[in-house]
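Remarks on the structure that follows.
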Amino acid sequence: MRHNKAINHLGRKSGHRKALLANMATSLIMHKRIETTVAKAKALKMYVEPLITKSKEDSTHSRRIVFSYLKNKYAVTELFRNVAPKIADRPGGYTRILKTGFRLGDGSDMALIELVDFNEAALATTVKKEAKKSGTRRSRSKKSAEAAAPAAEQAVETAEASAETPAEEKKAE
């Protein structure tokens with residue numbers, strides 16, 4: 001049975017694991033995206049998301065708590081100044097894990113972990129999506145009928161003008 005086995009120890013002693021996660025969290029906050037193994041990415045996600053939630057409230061107390069985990073004042077400053085304002089309205093899920101394949105050396109399953117609101121490529125594709133037009137199986141909607149009415153009037157006027165031209169030519173002869 002696996003009772004009380006919530007965290008992945010990553011094959012390390014607790015001091016080594018805490019230092020590893022602190023360094024990876026610092027790198028993630030500074031670079032917004034890092035590549036690592038899937039197991040480390042999942043452990044990092046559990047480690048960094050509560051810290052990002054703490055950064056929503058910019059107080060001395062929350063800064064000191066986050067600093068006790070990260071141990072890097074530049075990462076804490078980056079988190080509170082740049083990351084926190086972007087994720088202020090997000091209720092959770094600040095990171096995304098994308099599996100990238102296997103490492104050549106040992107075949108380990110690799111992943112890319114990134115901060116969700118800082119992926120410009122993904123944000124650009126979501127912005128470009130247009131609202132889906134509600135399709136109907138009817139012949140015409142009111143808007144298309146109104147748009148077609150001026151075109152139909154012009155077609156009638158040109159047909160009348162072309163019909164008058166041959167009759168006038170006959171009269172002239």
Side-chain angles (χ1 to χ4, degrees), residues 1-138 141 143:
M1 292 188 289
R2 56 174 306 278
H3 296 304
N4 294 329
K5 306 266 188 199
I7 65 166
N8 186 353
H9 297 288
L10 301 173
R12 290 162 172 82
K13 305 274 181 164
S14 65
H16 187 187
R17 186 175 55 254
K18 287 176 187 174
L20 171 80
L21 292 173
N23 287 332
M24 287 177 62
T26 299
S27 296
L28 178 65
I29 290 167
M30 298 299 283
H31 301 291
K32 313 298 187 267
R33 167 189 293 190
I34 58 173
E35 187 173 9
T36 183
T37 62
V38 172
K40 287 180 189 174
K42 288 179 180 178
L44 178 63
K45 184 172 187 163
M46 288 176 53
Y47 185 85
V48 80
E49 291 211 358
L51 299 179
I52 296 173
T53 303
K54 283 265 189 231
S55 73
K56 287 183 178 184
E57 180 190 347
D58 191 3
S59 65
T60 305
H61 181 64
S62 60
R63 280 180 180 264
R64 285 178 177 168
I65 289 173
V66 170
F67 181 76
S68 72
Y69 283 91
L70 294 181
K71 299 169 182 60
N72 185 335
K73 65 181 180 181
Y74 301 110
V76 172
T77 304
E78 176 76 14
L79 178 63
F80 279 86
R81 281 194 187 157
N82 298 333
V83 177
K86 272 200 164 182
I87 55 98
D89 57 340
R90 184 178 286 274
Y94 312 113
T95 57
R96 175 186 298 131
I97 297 175
L98 303 168
K99 294 182 181 179
T100 57
F102 299 100
R103 188 162 49 197
L104 284 177
D106 60 355
S108 181
D109 201 9
M110 299 298 286
L112 194 74
I113 184 168
E114 64 185 5
L115 296 176
V116 172
D117 291 326
F118 288 89
N119 186 354
E120 285 79 19
L123 291 175
T125 57
T126 58
V127 171
K128 289 182 182 177
K129 288 184 181 178
E130 296 179 10
K132 186 179 176 184
K133 295 179 182 177
S134 60
T136 180
R137 298 187 74 151
R138 296 181 186 167
S141 65
K143 289 182 181 178

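Predicted, not measured: the structure shown is a model, and the values here were computed from it. Computed over heavy atoms, backbone and side chain alike; hydrogens, waters and symmetry mates excluded.
- A pairwise comparison of heavy atoms in Ala39 and Asn8 identifies CB-ND2, 3.8 Å as the closest pair.
- Taking 4.5 Å as the limit, every side-chain heavy atom of Thr36 sits out of range of all side-chain heavy atoms of Leu44.
- Atom-to-atom distance recorded for Glu57:CD and Phe80:CZ is 8.5 Å, nearest 0.5 angstrom.
- Looking only at distances, no side-chain donor or acceptor of Arg96 sits under 3.5 Å from a matching main-chain atom of Glu114.
- Taking CG of Leu79 as the reference point, atom CE of Met30 lies at 10.5 Å (rounded to 0.5 Å).
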Are Ile29 and Asn72 close enough, and set up right, to give a side chain to side chain contact (heavy atoms under 4.5 Å, CB included), and what steps lead you there? CA-CA 11 Å; Ile29 290 167; Asn72 185 335; over 6 Å; no
Under the criterion side chain to side chain contact (heavy atoms under 4.5 Å, CB included), I'd like the reasoning laid out for Arg17 against Ile7: C-alpha separation, chi angles, the key distance, then a yes or no. CA-CA 11 Å; Arg17 186 175 55 254; Ile7 65 166; 4.2 Å; yes
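- Between atom CG of residue Asp109 and atom NZ of residue Lys99 there is a gap of 6.0 Å, rounded to the nearest 0.5 Å.
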Distance-only criterion, 3.5 Å: show the donor-acceptor pairs between side-chain atoms of residues 47-54 and protein atoms not counting sequence neighbours.
from	atom 1	to	atom 2	distance (Å)
Tyr47	OH	Tyr69	O	2.9
Glu49	OE2	Tyr94	N	3.3
Glu49	OE2	Thr95	N	3.2
Glu49	OE2	Thr95	OG1	2.7
Thr53	OG1	Glu49	O	3.0
Thr53	OG1	Tyr94	OH	3.2

Can you check side chain to side chain contact (heavy atoms under 4.5 Å, CB included) on Phe118 and Lys86, steps first, answer last? CA-CA 8 Å; Phe118 288 89; Lys86 272 200 164 182; 3.6 Å; yes
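- Taking a 6.0 Å sphere around NZ of Lys42, one finds it holds 12 or fewer heavy atoms contributed by other residues, nucleotides or ligands.
- At least one side-chain heavy atom of Leu20 sits less than 4.5 Å from a side-chain heavy atom of Arg12.
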Show your reasoning for whether side chain to side chain contact (heavy atoms under 4.5 Å, CB included) applies to Leu10 and His16. CA-CA 10 Å; Leu10 301 173; His16 187 187; over 6 Å; no
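- In this structure, Glu78 pairs ionically with Lys32, as a charged nitrogen and a carboxylate oxygen lie closer than 4.0 Å.
- Considering CD1 of Ile34 and CD1 of Ile113, their distance stands at 6.5 Å, rounded to 0.5 Å.
- Here the side chains of Arg103 and Thr37 are in contact, with some heavy-atom distance below 4.5 Å.
- Two residues are said to be in side-chain contact when any heavy atoms from C-beta on lie closer than 4.5 Å; Arg64 and Thr60 meet this criterion.
- Between Leu115 atom CG and His31 atom NE2 the span is 12.0 Å, to the nearest 0.5 Å.
- Taking both residues in full, the closest heavy atoms of Ala41 and Ala111 are given as CB-CB, 4.4 Å, listed atom of the first, atom of the second, then distance.
- Lys71 places no side-chain N or O within donor-acceptor distance of the main-chain N or O of Thr26, the cut-off being under 3.5 Å.
- Under a cut-off of 6.0 angstrom, the local environment of CZ in Arg81 is sparse, with at most 12 non-hydrogen atoms contributed by other residues, nucleotides or ligands.
- Annotation: the span from Leu70 atom CG to Ser27 atom OG amounts to 10.5 Å, rounded to 0.5 Å.
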